[in-house]
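This report refers to the structure that appears directly beneath it.
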Amino acid sequence: MHKIIIEGGNKLSGEVKISGSKNAAVALVPAAVLCDEEVTIANVPNISDIDALDEILSHLGATVSRDCDVIKIDASKIENKLIPEKISKKLRASYYFMGALLSRFKKVEMYFPGGCSIGARPINLHLKGFEALGAKVKEKDNMFVITADKLKGAKINLDFASVGATINLMLAAVKAEGTTIISNAAKEPHIVNVATFLNNMGAKISGAGTSEIKIVGVKHLRACFHEVVPDYIETGTYMILASAMAKNMIIKNVIPDHVEALISKLDEMGVPMEIGVDYIKISSPDKLNCTNIKTQVYPGFPTDLQQPMATLLNQAHGKSVIEETIWENRFLNLFELNKMGATTELLTTEKAIIFGPCKLHGKVVNATDLRAGASLVIAGLIADGKTIIKNADYILRGYENIIEKLSRVGAKISLEEIE
Ligand code: EPU
């Protein structure tokens, strides 16, 4: 267990380099078990979610080596063993082993995955898709047994453009007999990155990044080299932070197109930005304007930036409204922000009002999930005095070297282990 300690109130400046995308990397690593040759993935973020996936791969008998941001995975000799619940519960993305192991062995037994408590997080769309491909799903005591004599291409329409279901179904369909069409597919940049990885291995996937993905099944996948796309949620988090507290902060190694929805909102709020080909330079303005945000699937405003944005809206003049349409339980950070002096009001589980600007003061607060934690880090940097963020392990799940990156731009921030 860790806590983060921040002495807030000073402006930040300098450069922050964005790491590889968490939500891409956590799918690419399980996808490697589809290949019975060694694959190399670069720009993998050093976060605890990747450590948990590494643990699962090792449990299955894969050979894994990690050197800085490069991971080499040889899954040629893996066994289709049950992943212990205590490991699969560590993260949501353990569910990608369902699609990958089903594809490889035509059978998989897995416990319900873990992840941040931000809603019920059912996996019915994944299971319905596996069934459409010819699998049988049995559920017993929090465990799923999924079997298939063979997997056959099918037309699958997702009721909701789920990121997890889209990726899991690409993994399951990649070696299925015939053609699979996933319609109403998710379009997030990590979907494209996973499809590119599979294509680098010899898969035949087209349409990733649009709402219809076509997968023509192949018999064999081969060794390849692949690079994780820059993390647009990490990018957005540092952009939000810079909008509140920075002078000429340069956020580099970014794909500005991926944060278009955020750029548009920060523009409305009066944040001066210089958008380069692969960097964004931001200074906080003298006065921030209020605005409203509604979370949507990509390319709409990302739910994963909603909580960090709530902290920024606290600094804006006037009343802002946040509508969360993806998750049912993603406003717990507001209670912690209120302890620090923010004025926020939860109207329903999907809608909150933020009144600003508010002076924030350092307090002991609790990170209830990953992005709530990011929201509190930003609040701690803005606040006067000392902020202590308990349950900081949530933050370490998704932000590589956050302490080092922020220290380098002038933040007084440290991480301490607690009993
Ligand atoms: N949903 C269903 N049934 C399903 C799947 C999803 O009803 O079978 C619902 C969910 O309950 C939710 C909505 O559909 O209301 C969206 O779920 P989605 O499947 O898109 O989310 P996910 O794959 O579980 C990923 C990210 C989340 C991110 C969402 C939305 C990973 C490991 N997680 O979750 O990331 O919020 O997509 O973009 O990729 C985070 O990084 O902090 C995080 C929570």
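In what follows, every heavy atom counts, from backbone to side chain, and hydrogens, waters and symmetry copies are set aside. Fair warning: this is a prediction, and the values are worked out from it, not measured in the lab. Whatever order the structure lists them in is the order used to number ligands and atoms, beginning at 1.
- In the vicinity of L370, heavy-atom distances shorter than 4.0 Å reach the ligand 1 atoms 42 (O).
- Protein heavy atom in closest approach to atom 20 (O) of ligand 1: V163 N, 2.8 Å.
- Each of the following atoms of ligand 1 lies closer than 4.0 Å to a heavy atom of G164: 19 (O), 23 (O).
- Shown here, atom 9 (C) of ligand 1 is out of close reach of the protein: none of its heavy atoms lies under 4.0 Å off.
- In summary, the atoms of ligand 1 found under 4.0 Å from a heavy atom of D304, numbered by their order in the structure, are 27 (C), 28 (C), 35 (O), 36 (O), 40 (C), 41 (O), 42 (O), 43 (C), 44 (C).
- Residue R330 holds the heavy atom nearest to atom 44 (C) of ligand 1 of all those in H190, R330, Q306, R397.
- At the top of the distance list for atom 29 (C) of ligand 1, counting protein heavy atoms only, stands W327 CZ2, 3.8 Å.
- At least one N/O-N/O distance between L125 and ligand 1 falls below 3.5 Å.
- Counting the atoms of ligand 1 from 1 in the order shown, those under 4.0 Å from a heavy atom of T303 are 30 (C), 36 (O).
- Between the side chains of D231 and S19, not a single donor N or O lies within less than 3.5 Å of an accepting N or O.
- Between atom 4 (C) of ligand 1 and the options S162, P122, A27, the minimum heavy-atom separation is to P122.
- Between the side chains of Y95 and R121, no donor-acceptor pair of N or O atoms lies under 3.5 Å.
- For the ligand labelled ligand 1, residue Y394 lies outside the 4.0 Å heavy-atom shell.
- Of the N and O atoms on the side chains of T295 and E324, at least one donor lies less than 3.5 Å from an acceptor on the other residue.
- Between E15 and K17 there is no salt bridge, since no side-chain nitrogen of the basic residue lies less than 4.0 Å from a carboxylate oxygen of the acidic one.
- With 3.5 Å as the limit, one finds no donor-acceptor pair spanning the side chains of Q307 and S375.
- E234 has its side chain within reach of K405: a pair of non-hydrogen atoms, C-beta onward, lies under 4.5 Å apart.
- A donor-acceptor pair shorter than 3.5 Å cannot be found between the side chains of N292 and E323.
- In this structure, the protein non-hydrogen atom closest to atom 14 (O) of ligand 1 is F160 CD2, 3.3 Å.
- Scanning the protein for heavy atoms near atom 26 (C) of ligand 1, the closest one is N23 ND2, 3.6 Å.
- Between K265 and E268 there is a salt bridge, since a side-chain N of the basic residue sits under 4.0 Å from a carboxylate O of the acidic one.
- The closest protein non-hydrogen atom to atom 3 (N) of ligand 1 is N124 OD1, 2.7 Å.
- In summary, the side chains of T179 and K155 do not present any donor paired with an acceptor at a separation below 3.5 Å, with no hydrogens or angles considered.
- The protein heavy-atom contact nearest to atom 42 (O) of ligand 1 is R371 NE, 2.9 Å.
- For the residue pair S211/N184, the side-chain donor-acceptor check at 3.5 Å is not satisfied.
- Side-chain contact of S21 with N23: a donor-acceptor pair under 3.5 Å is absent, judged by distance alone.
- Atoms of ligand 1 lying under 4.0 Å from any heavy atom of Y95, numbered from 1 in the order shown and given with element: 22 (P), 23 (O), 24 (O).
- Nearest to atom 15 (O) of ligand 1 by heavy-atom distance, out of L91, D369, I326, N168, is I326.
- Nearest protein neighbour of atom 34 (O) of ligand 1, counting heavy atoms only, is R121 NH2, 3.5 Å.
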